[in-house]
Asker: 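I'd like to ask you about the structure that follows.
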Amino acid sequence: MDLMTTMHATQSCQHKLASQLLSLFSMLAAKLGKVSLIVGLITLALCGASHAATINLSCDSVHSHPEICRSVAEDWARKTNNEVHVVNAPNDSNERLAFYLGLLRSASDKIDIFEIDVIWPGLMANYFIDLRPYSKSVEKQFFPDMLANNTVNNRLIALPWYSDTGIMFYRKDLLKKYGFGLPKTWKELAVTAKKTQDAERAAGNLKMWGYVWQGRAYEGLTCNAMEWLGSYCGGTLIDENGKVTINNPHAIEALKTAASWIGSISPKAVLNYGEEESRGVFQSGNAVFVRHWPVVWAGSQRADSMVRGKVGVMALPTGSAAGRSTGALGGWQLAVSKYSKNQALAADLVNYLTSAEVQGPRAIRSSVNPTIMSLYSDPALVKANPFMAELYDSFATAVRRPSTVTGGKYDQVSALFWSATHEVLSGKKSADIALVELEAALNRLAPGGKWTAPALENP
């Protein structure tokens with residue numbers, strides 16, 4: 001009998017014993033004429049005996065559907081005779097990180113389970129327990145890159161809660177109208193986008209653009225640029241061994257290609273687009289292609305959407321025949337605080353929340369992307385969300401941002417990368433000069449001049 005089974009059995013015995021005591025003392029109280037007082041006291045004792053612990057869980061991100069998180073956590077609580085309290089945290093990612101770090105740096109036990117961004121494991125690893133002793137080998141069900149992202153110094157500090165990856169949405173009606181197939185490379189996409197864009201403008205829609213994406217100087221541009229690098233075999237900016245790899249011919253070609261889109265198939269305004277701006281252009285019917293996250297699907301199918309029933313989903317193009325189709329890995333994970341007084345119970349709840357039993361129905365109900373490989377071939381899920389069948393390969397080949405190897409300095413690394421990329425896209429610098437300068441800046445930023453291990457924050 002394992003630890004959690006023993007705990008659950010013990011709690012069940014406590015519940016039965018408390019119920020028997022309540023019945024016995026109720027009869028005694030009736031004889032003494034003090035029913036309400038004694039029964040009230042015993043009821044309090046019953047509550048204390050039947051609930052072994054209260055687990056404080058932070059999972060109220062807008063994107064992870066807090067009502068679902070709360071309901072499935074309550075299911076676990078009923079099954080285990082425990083209580084779960086959902087702790088409110090800021091929805092803004094930066095504000096949430098500051099809130100979390102404030103609690104953890106003070107060794108607070110106010111939150112047992114933290115919902116963390118995919119780029120935080122390297123920064124926060126020292127504050128969380130290793131989940132492998134509690135996982136019962138369930139981690140084998142998840143996409144390997146997601147687990148690798150959450151593994152720091154050989155410690156599995158979080159399990160994938162739900163995931164995102166960059167994918168391409170397109171106007172299937174327009175491609176059919178003009179006789180185009182799905183583009184496999186970025187060059188093919190540029191040709192298809194330009195011809196379709198020009199034809200639609202000639203037909204009267206002067207606002208039509210071929211391709212929109214997230215070009216503002218922020219984290220979203222880092223995601224796009226990482227995908228371009230991967231598609232051209234241009235490396236991962238900084239590899240897992242800590243070597244800065246950005247200054248290479250393939251990376252230069254990738255950025256030159258993206259810069260060529262500006263003013264041609266992408267508006268100059270794309271250099272100020274984030275997620276909402278790019279989604280808005282596409283959903284209003286003014287773009288042929290948009291690179292985005294899977295959440296766009298639900299919005300495109302709303303009754304008020306100008307493109308309802310006209311949208312297709314495909315993997316991002318490759319850069320060349322030797323390149324690969326890859327999307328940036330996004331999403332949120334669940335980790336257990338090292339300061340939790342109920343680590344085993346908290347880990348059990350994490351196992352439950354990230355299980356196929358929970359993720360399958362959640363995906364069907366709310367189009368939230370599962371992190372378990374087998375669910376992408378589940379007939380019920382594919383029927384409810386046909387586009388998800390297209391996502392398996394995207395998750396299987398997703399590119400990870402170098403947040404684990406750079407740890408607490410990832411934000412600075414990303415800022416240097418998106419700034420250099422933005423300068424190339426806006427024509428302020430050539431790709432080859434920008435990447436030489438970026439390489440030097442990243443080497444200067446590395447601890448001791450070398451990225452040899454995750455720059456973890458010390459509690």
Side-chain angles (χ1 to χ4, degrees), residues 61 63-65 115-121 135 138-151 156 158-170 182 184 213-214 219-220 222-231 236 240 275 290-298 312-319 323-334 353-404:
S61 167
H63 298 100
S64 66
H65 302 275
E115 181 187 44
I116 65 172
D117 197 334
V118 71
I119 59 174
W120 295 348
S135 70
V138 296
E139 66 267 22
K140 296 177 182 178
Q141 303 175 30
F142 299 98
F143 285 98
D145 275 346
M146 296 180 189
L147 288 181
N149 182 82
N150 296 347
T151 301
L156 180 62
L159 286 181
W161 170 223
Y162 79 97
S163 194
D164 269 336
T165 188
I167 55 175
M168 190 72 74
F169 294 88
Y170 64 94
L182 296 182
K184 296 181 179 180
W213 36 285
Q214 301 77 47
E219 187 66 25
T222 288
C223 293
N224 278 261
M226 291 296 298
E227 292 165 353
W228 303 335
L229 295 185
S231 71
T236 56
E240 293 182 353
E275 273 86 354
V290 62
R291 178 270 175 207
H292 218 289
W293 306 100
V295 68
V296 163
W297 174 262
V313 183
M314 58 178 274
L316 294 172
T318 63
R324 63 172 183 157
S325 172
T326 183
L329 182 64
W332 292 79
Q333 337 295 312
L334 295 179
L353 290 173
T354 58
S355 67
E357 176 185 355
V358 169
Q359 290 202 45
R362 181 186 65 180
I364 293 172
R365 175 179 170 185
S366 299
S367 300
V368 177
N369 301 295
T371 60
I372 293 176
M373 293 182 287
S374 62
L375 288 176
Y376 286 85
S377 59
D378 180 90
L381 186 148
V382 174
K383 180 179 179 180
N385 300 292
F387 77 98
M388 283 193 179
E390 305 293 332
L391 294 182
Y392 181 89
D393 289 341
S394 295
F395 283 123
T397 61
V399 61
R400 291 180 280 130
R401 286 164 278 176
S403 57
T404 301

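From a predicted model like this one, the values you see are computed outputs, not experimental measurements. Counting begins at 1 with the first residue of the sequence. Both backbone and side-chain heavy atoms feed into the values below; hydrogens, waters and symmetry mates do not.
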Asker: Among residues at least two apart in sequence or on other chains, which ones pass salt bridge (Lys or Arg N to Asp or Glu O under 4.0 Å) with Glu275?
Answerer: none

Asker: Less than 4.5 Å apart, side chain to side chain, heavy atoms only: is that true for Val313 and Pro386?
Answerer: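 A side-chain contact under 4.5 Å is absent here.
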
Asker: Working to the nearest 0.5 Å, report the span between OG1 of Thr354 and CD of Gln141.
Answerer: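 Separation between the atoms: 8.5 Å.
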
Asker: Starting at CG of Asp378, measure out to CD of Gln359 and round the result to the nearest 0.5 Å.
Answerer: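 Here the interatomic distance stands at 12.0 Å.
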
Asker: Looking at Thr236 and Pro402, would you say the former's side chain and the latter's main chain have a donor-acceptor pair under 3.5 Å?
Answerer: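 Answer holds: no.
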
Asker: Taking the side chain as every heavy atom from C-beta outward, state whether Phe142 and Ile372 have any pair of such atoms under 4.5 Å apart.
Answerer: yes

Asker: Below 30° counts as parallel, above 60° as perpendicular, anything between as tilted: where do the rings of Tyr376 and Tyr392 land?
Answerer: perpendicular

Asker: Using 0.5 Å steps for rounding, measure from the CG atom of Leu391 to the OG1 atom of Thr165.
Answerer: 8.0 Å

Asker: How about Lys184 and Ser325: do any of their side-chain heavy atoms sit closer than 4.5 Å?
Answerer: no

Asker: Using side-chain heavy atoms (C-beta onward) and a distance below 4.5 Å, is Pro160 in contact with Asn150?
Answerer: yes

Asker: Ignoring hydrogens and geometry, is there a side-chain-to-backbone donor-acceptor pair from Asp145 to Arg400 under 3.5 Å?
Answerer: no

Asker: Kindly compute the distance separating OG (Ser394) from CE (Met314), expressed to the nearest 0.5 Å.
Answerer: 9.5 Å

Asker: On a heavy-atom basis, which atom in Gly166 and which in Glu227 lie closest, and how many Å separate them?
Answerer: CA-OE2, 3.4 Å

Asker: Within this structure, what is the CD-OG distance for the pair Gln333 and Ser163, rounded to the nearest 0.5 Å?
Answerer: 7.0 Å

Asker: Can you confirm whether Pro294 sits close enough to Asn385 that some side-chain heavy atom of one is under 4.5 Å from a side-chain heavy atom of the other?
Answerer: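 In short, these two side chains do not touch, never coming nearer than 4.5 Å.
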
Asker: What distance do Thr222 atom OG1 and Arg401 atom CZ have between them, rounded to the nearest 0.5 Å?
Answerer: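 That separation rounds to 7.5 Å.
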
